[in-house]
Each structure stands twice: as C-alpha cells, then as structure tokens.
Amino acid sequence: MKQFNNNNIMIIPSPIKQLAKDQVLVVTECFCPNGHNLVNEMSMFDGFSGITIKLKHGRKKGLIALSPFYGDKRRIAMSINLEHHEILDFHCPVCNEMLPVFSHCSCGAGLITLFNTADADVSNCIGICNRVDCDNSVIKTEGELITIAMIDSMNYIHAPI
C-alpha cells in the first residue's frame with residue numbers, strides 16, 4: 001500500500017472500515033478562534049481530511065494530524081518528536097493563535113477547544129486533551145456533551161457538526 005497519494009498527501013489506513021457507517025461521527029470542519037478551518041488534506045484518514053494542529057513545547061515545534069473520526073484515537077506527529085506524558089500547547093497552523101482550554105481533562109492536562117463554527121461559539125466545540133498519550137476527547141453541540149457511548153444511537157454525519 002502506498003504511503004502518499006499523487007498529490008503527496010499522507011494516506012493513513014483506518015480500522016474504522018470495520019464499523020457500520022451509521023455508527024461513525026466524522027468531523028468535516030473545525031476552526032481556530034480566528035475562523036481558520038483546521039481540517040485539511042495534509043493527511044487523509046479513510047478518504048477524509050484530517051485535523052491539523054500546530055504543536056509547541058519549549059523550543060520544539062511541529063504539526064500533528066488527528067483523525068476526523070470521533071472515537072478514533074490516531075494522532076500522527078509530523079516534524080516533531082513527542083515524549084510520553086508531556087503537555088503541549090496547541091496552535092492554529094495558519095495564524096499561530098493558541099487554541100483555548102475548554103475544560104480540565106481527567107488526566108490533569110487541558111481539553112483544548114476546536115470550534116465547530118467559524119464564529120468560535122464555545123457551545124459548539126470539540127475538546128481534545130493536550131497531553132501526549134491521553135486520548136480523551138468530547139464534543140459539545142448546542143451545549144450538550146456527546147460521549148463515545150452515545151455514538152451507537154447517532155447517525156453517520158458527513159457534514160459539519
């Protein structure tokens with residue numbers, strides 16, 4: 001299997017193919033506080049664009065690609081070496097704005113806010129832990145938290161959340 005497609009976009013195989021499509025929640029848009037879409041074709045997961053975030057820790061800088069499938073914990077580090085349990089600062093790769101903390105994670109780090117709308121409405125956002133090795137995440141839509149356990153009762157979404 002090829003690692004890159006004809007446009008030099010990374011191809012990442014997914015175990016999600018084994019799940020029924022009516023049980024998969026796909027993030028197709030998410031934004032920084034300034035309205036830049038973090039979903040792009042820099043990395044692809046099962047034909048869907050990944051979420052790209054700029055990481056910083058001390059003098060270290062790089063990018064990470066997150067799977068757009070809610071519940072899929074794959075995170076691919078690009079141009080940065082990650083150390084177990086370190087806490088990273090998440091930034092927009094376009095404007096370099098630091099992504100705000102949504103709430104505290106159960107591991108003691110922070111759940112970083114990725115907005116579901118370009119107007120940075122905190123009642124519609126995704127929270128992703130900024131600690132390496134912690135794969136906790138939540139989705140908040142119209143003020144209601146969505147957890148992994150709720151996916152079984154949701155329909156396949158191929159549109160902005």
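The analysis underlying the following values was restricted to heavy atoms, covering all of them including side chains, and did not include hydrogens, waters or symmetry mates. Small disclaimer: the values here were computed from a predicted structure and weren't measured.
For the pair Leu99/Leu38, a side-chain contact is recorded, criterion being any heavy-atom separation below 4.5 Å from C-beta on. Residues Val101 and Ile112 have side chains in contact (heavy-atom distance under 4.5 Å, counting atoms from C-beta outward). In this structure, Leu82 and Leu88 have side chains that are in contact, with non-hydrogen atoms separated by less than 4.5 Å. Between Cys92 and Asn34 there is no side-chain heavy-atom pair separated by less than 4.5 Å. Contact annotation: the side chain of Ile51 approaches that of Cys30 to within less than 4.5 Å [non-hydrogen atoms, C-beta and beyond]. Using a 4.5 Å cut-off on side-chain heavy atoms (C-beta onward), Pro68 and Thr28 make no contact. Looking at Phe45 and Val26, their side chains never come closer than 4.5 Å, going by heavy atoms from C-beta outward.
A distance-only check finds a donor-acceptor pair linking the side chain of Thr113 to the backbone of Pro100 [under 3.5 Å]. Checking side-chain atoms of Ser49 against main-chain N and O of Val39 turns up no donor-acceptor pair under 3.5 Å. No donor-acceptor pair closer than 3.5 Å links the side chain of Lys61 to the backbone N or O of Lys54. At least one donor-acceptor pair closer than 3.5 Å links the side chain of Arg131 to the backbone N or O of His85. Using modelled atom types, no side-chain atom of Asn37 and backbone atom of Glu29 make a donor-acceptor pair closer than 3.5 Å. In this structure, the side chain of His57 engages the main chain of Ile87 through a donor-acceptor pair within 3.5 Å.
Pairing each heavy atom of Ser79 with each of Gly62, the nearest pair is OG-CA, 3.6 Å. Heavy-atom minimum distance, Val138 versus Phe102: CG2-CE2, 3.8 Å. Between Met98 and Pro33, the shortest heavy-atom distance links the atoms O-CG, 4.3 Å.
Cluster annotation: Ile80 is connected to Phe90 through the hydrophobic network of ILVMFWY side chains, with a link wherever side-chain heavy atoms come within less than 4.5 Å.
We find the CD1-NZ distance between Ile128 and Lys73 to be 9.0 Å, quoted to the nearest 0.5 Å. With rounding to the nearest 0.5 angstrom, the CG atom of Leu55 is 7.0 Å from the CG atom of Leu63. Rounding to the nearest 0.5 Å gives a distance of 7.5 Å between CZ of Phe31 and OG1 of Thr117. Atom-to-atom distance recorded for Asn136:CG and Ser106:OG is 5.0 Å, nearest 0.5 angstrom. Atom CG of Asp72 is separated from atom OG of Ser137 by 10.0 Å, given to the nearest 0.5 angstrom.
The only member of Val132, Asn130, Asp133 that meets side-chain contact (heavy atoms from CB on, under 4.5 Å) when paired with Glu86 is Val132.
Within a 6.0 Å sphere centred on CG of Asp119, heavy atoms belonging to other residues, nucleotides or ligands number more than 12.
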request  = List the steps, then state whether side-chain contact (heavy atoms from CB on, under 4.5 Å) holds for Met78 with Met42.
outcome  = CA-CA 10 Å; Met78 299 179 281; Met42 186 175 287; 3.9 Å; yes
